[in-house]
Structure formats: C-alpha cells, structure tokens
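Below you'll find the structure, written out as structure tokens, and then a few comments.
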Amino acid sequence: MPPQTNALRKAQFFPPQSVRLLSGREMPVLGLGTYQLKHHTVEAVKQALEAGYRMFDTSGDYHTQRGIGEAIKHSGVAREELFLVTKIEETDDAFAATQANLAELKQPYADLVLIHRPPGEGVGESLWQGLRRAKRVGLVNDIGVCNYSIEQIEELVYRTGELPAVNQIEWSPFGHSPSMLDFCSENGIVIQAWSPLTRAQRLNDDKLTAMAARYGKNPAQLLIRWNLQLGVVPLPKANHSQHQLENLSVFDFEISQPDMAKLRTLNEHYSAMGKLPYL
Ligand SMILES: NC(=O)c1ccc[n+]([C@@H]2O[C@H](COP(=O)([O-])OP(=O)(O)OC[C@H]3O[C@@H](n4cnc5c(N)ncnc54)[C@H](OP(=O)(O)O)[C@@H]3O)[C@@H](O)[C@H]2O)c1
C-alpha cells in the first residue's frame with residue numbers, strides 16, 4: 001500500500017481538532033465539563049490544562065468560575081489558545097450576568113455565552129438581545145442556547161433574525177434526537193453534548209461494554225468518540241486525572257459505521273434529569 005494511502009486512512013481516524021461556528025470562529029471538538037467538580041476546582045482544571053484540555057464549560061451556578069480563572073492564571077497557557085463557555089440564567093439581566101461571570105473568571109471576554117435554559121414563557125428574546133449587546137462590546141465572541149427544542153430555536157430566529165451558534169443539550173446514544181441533529185447540521189448550529197457519559201449511570205450497559213472492549217477502549221471513550229464522529233462536541237466532566245486522560249485518548253480509533261448505527265439503536269430518550277428537556 002503506498003504511504004500516501006496510509007496517511008489518508010489515518011487522517012480519517014482523526015476528526016478535525018476544531019469545529020467552525022457560524023461566525024467563522026473555531027471551537028475545540030472536546031471540552032471539560034465542570035458541573036459538580038468535587039475536588040478543588042483549581043487543581044482539577046490545572047491538571048486538565050496540563051493534560052491538553054483547552055475548552056472549559058461552566059456557569060455562574062456551578063461555582064467553578066473562580067477556580068477556572070485561578071487555574072488559567074497560573075497555567076502559562078495563552079488566553080487565545082483557550083475556549084471558555086459560560087451561561088446566564090433565564091431570570092438574569094443577560095448583559096449584567098455576562099459581566100458578573102467574566103469578573104469571576106477574571107477574563108476580559110468569553111468565547112461563548114449560552115442561555116442556560118428557555119424561560120418559562122417565550123423563547124428568551126430579551127435575554128438574546130442582552131447577549132447581543134455583550135457581543136457588540138466585545139465581552140463575548142459567540143452566543144447560543146441550551147436545552148432549546150427545534151421549535152424554540154425557530155421561534156428565536158424568527159423574532160431576532162439570528163441563529164444561535166450552539167445548542168448545548170443532554171446527548172448520548174441512550175438519549176438523543178436524530179431530528180435535532182439534522183436540524184442543527186442543516187442550519188450550521190453546533191450541538192454541544194452535556195452529560196455525554198450519562199453521569200456514569202449507563203457505563204456498565206452490556207452492549208456498550210462489549211462494543212468498547214472490541215475497540216480496546218472503555219465505555220466512556222466509546223461514548224465520546226461516538227459524539228466526535230457525529231460532529232457533536234462532547235463536554236465530559238471528570239474530577240479524576242485518570243478519567244480526564246482517558247477522555248482525551250479518543251483520537252486513535254474509529255467506530256465503524258455499523259457500530260455507529262448500533263449505538264443509535266440504544267436510544268431510549270434516557271435523561272439523567274428524568275426527561276430530555278428539548279424533546
Ligand atoms: N447546559 C446544561 O443545562 C447542562 C446540564 C448539565 C451539565 N452540563 C455540562 O455538561 C458537563 C458534563 O455533564 P455531567 O457533568 O452532567 O456528566 P457526565 O460528563 O456525563 O459524567 C460525569 C461522570 O462521569 C465520570 N467519568 C468521567 N470520565 C470517566 C471515565 N473515563 N470513566 C468512568 N467514569 C468517568 C465522572 O467521574 P469523576 O468526576 O469522578 O472523574 C462523573 O461521575 C457538565 O459538567 C456541565 O459542564 C450542562
């Protein structure tokens with residue numbers, strides 16, 4: 001086999017390391033979730049930065065922003081190498097909450113700010129206008145939503161004329177939506193997967209463990225790789241250094257198309273919260 005063919009085949013195993021947002025900016029294909037980081041956040045984020053993580057997902061209500069800011073400050077990693085995602089709550093003044101988040105992170109800007117969930121009434125048009133204002137003055141590069149249904153995104157776009165860069169939703173083979181995937185890819189919206197590891201509730205599933213063993217990987221790595229091959233950006237959370245390293249070691253194998261299809265058949269709309277909020 002000519003060496004060129006080998007190189008090409010190898011390249012297919014490695015998804016690109018970043019995905020392009022509608023704005024043209026690049027976002028890493030994998031990030032660290034920080035909800036319920038139990039160990040000292042500074043230590044956990046420091047070890048993640050050393051391991052190679054460059055995207056961190058947080059929110060004002062995770063109480064990890066100060067620790068993330070502290071870890072970044074001492075890491076020596078340049079700000080432009082990082083991609084910081086934070087969120088505002090549906091009851092917030094979006095502009096003021098963005099400023100407050102940045103103050104905790106000790107950062108001049110965030111890469112992405114998301115509406116954490118749709119408000120009880122409407123689709124968050126005024127929150128969106130607050131985020132747009134934050135974007136105009138350089139507090140954030142891209143803005144998006146979490147937990148929005150297709151209909152809610154359509155309504156937001158109808159009212160504001162602007163697509164969200166990202167919809168961050170609970171997403172795993174056990175709980176996902178093919179129609180959401182189609183809708184987002186048709187519109188250039190990137191899905192970020194929260195609880196991509198099912199909060200460790202389904203890692204012992206028989207079919208998952210058997211398939212992972214065939215690839216010489218563990219179930220968490222298979223779940224992360226499944227996302228990467230779908231073009232979905234997973235945000236696995238891990239306190240433990242070993243877990244953090246395992247979750248990055250997903251670029252050296254490829255799930256076959258028949259196995260990707262088998263993983264899709266595990267869908268039972270599973271949600272760690274009881275119900276997938278975007279369905
Ligand atoms: N937008 C939203 O509404 C929303 C909602 C929920 C979460 N999120 C974001 O999504 C992130 C991820 O979701 P999540 O934290 O709910 O759950 P998750 O990432 O699905 O699961 C985290 C659990 O998996 C364990 N784990 C990690 N790597 C592992 C490995 N290689 N092998 C075995 N177990 C492993 C972790 O253990 P250790 O920690 O002990 O290592 C932890 O118990 C959150 O942290 C947050 O940033 C967003």
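Treat the numbers as computed from the prediction; the structure is a model and nothing was measured. Just so you know, ligand 1 is whichever comes first in the structure, and atom 1 is the first atom listed for that ligand. The residues of the chain are indexed from 1 along the displayed sequence.
- Close contacts of ligand 1 with P236, meaning ligand atoms under 4.0 Å from a residue heavy atom, involve 19 (O).
- Separating the CD atom in Q192 from the SG atom in C146 is a distance of 8.0 Å, to the nearest 0.5 Å.
- Considering backbone and side-chain atoms alike, N218 places every N or O at 3.5 Å or more from each N or O of ligand 1.
- With values rounded to the nearest 0.5 angstrom, F183 atom CZ is found 8.5 Å from E151 atom CD.
- Residue contacts with ligand 1 for L37 are absent, since no atom lies close enough (heavy atoms, distance under 4.0 Å).
- Residues Q229 and F253 approach most closely at OE1-O, 4.4 Å, considering heavy atoms.
- Heavy-atom contacts of L235 reach the following atoms of ligand 1: 10 (O), 11 (C), 12 (C) (cutoff under 4.0 Å).
- At a heavy-atom distance under 4.0 Å, only side-chain atoms of C146, from C-beta outward, approach ligand 1.
- Formation of a donor-acceptor pair under 3.5 Å by the T41 side chain with backbone atoms of I68 is not found in this model.
- Within ligand 1, counting atoms from 1 as listed, the ones closer than 4.0 Å to a heavy atom of L203 are 33 (C), 34 (N).
- Using a 4.0 Å cut-off between a side-chain N of Lys or Arg and a carboxylate O of Asp or Glu, E268 and R202 qualify as a salt bridge.
- The closest heavy-atom contact to atom 38 (P) of ligand 1, among the options L197, L114, N239, comes from N239.
- Proximity annotation for atom 42 (C) of ligand 1: of H243, K237, R202, K237 comes nearest, heavy atoms only.
- Taking the six-membered ring for Trp and thresholds of 30 and 60 degrees, Y62 and Y35 have ring planes inclined between 30 and 60 degrees apart.
- Those atoms of ligand 1 with a heavy atom of A220 less than 4.0 angstrom away are 30 (C), 31 (N), 32 (N).
- Across Y62, W194, F56, heavy-atom proximity to atom 10 (O) of ligand 1 is greatest for W194.
- In this structure, R54 fails the cation-pi test against F83, since its NZ or CZ atom is not both closer than 6.0 Å to the six-membered ring centre and inside 45 degrees of the ring normal.
- Remark: ligand 1 atoms within the under-4.0 Å shell around heavy atoms of H116 are 1 (N), 2 (C), 3 (O).
- For ligand 1 and A238, the ligand atoms under 4.0 Å from any heavy atom of the residue are 27 (C), 39 (O), 41 (O).
- If you look at Q221 next to ligand 1, there are no close heavy atoms at all, none under 4.0 Å.
- Ligand-side atoms of ligand 1 in range of A200: 24 (O), range being under 4.0 angstrom from any heavy atom.
- The side chain of E246, and not its backbone, has at least one atom closer than 4.0 Å to an atom of ligand 1 (non-hydrogen atoms only; side chain from C-beta on).
- Contacts between P196 and ligand 1, counted as non-hydrogen atom pairs separated by less than 4.0 Å, involve both the backbone and the side chain.
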Taking it one step at a time, do N218 and E246 satisfy side-chain hydrogen bond (donor to acceptor under 3.5 Å, both in side chains)?
CA-CA 8 Å; N218 68 33; E246 285 171 8; 2.9 Å; yes
Might you work through the salt bridge (charged side-chain N to carboxylate O under 4.0 Å, His left out) test for D61 and K87, ending with a clear yes or no?
CA-CA 9 Å; D61 64 353; K87 312 186 188 87; over 6 Å; no
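- The distance from ligand 1 to the heavy atoms of D57 drops below 4.0 Å at these ligand atoms: 9 (C), 46 (C), 47 (O).
- Results of the side chain to side chain contact (heavy atoms under 4.5 Å, CB included) test with S271 over L276, L279, T198 single out L276 as the only residue that passes.
- The closest approach between Q192 and ligand 1 stays at or above 4.0 Å for every heavy atom of the residue.
- D111 has a carboxylate O that lies under 4.0 Å from a charged side-chain N of R79, or vice versa, which qualifies the two as a salt bridge.
- In plain terms, the two heavy atoms of L30 and V233 that are nearest each other are N-CG1, 4.1 Å.
- Proximity of T58 to ligand 1, defined as any heavy-atom pair under 4.0 Å, is not found for any part of the residue.
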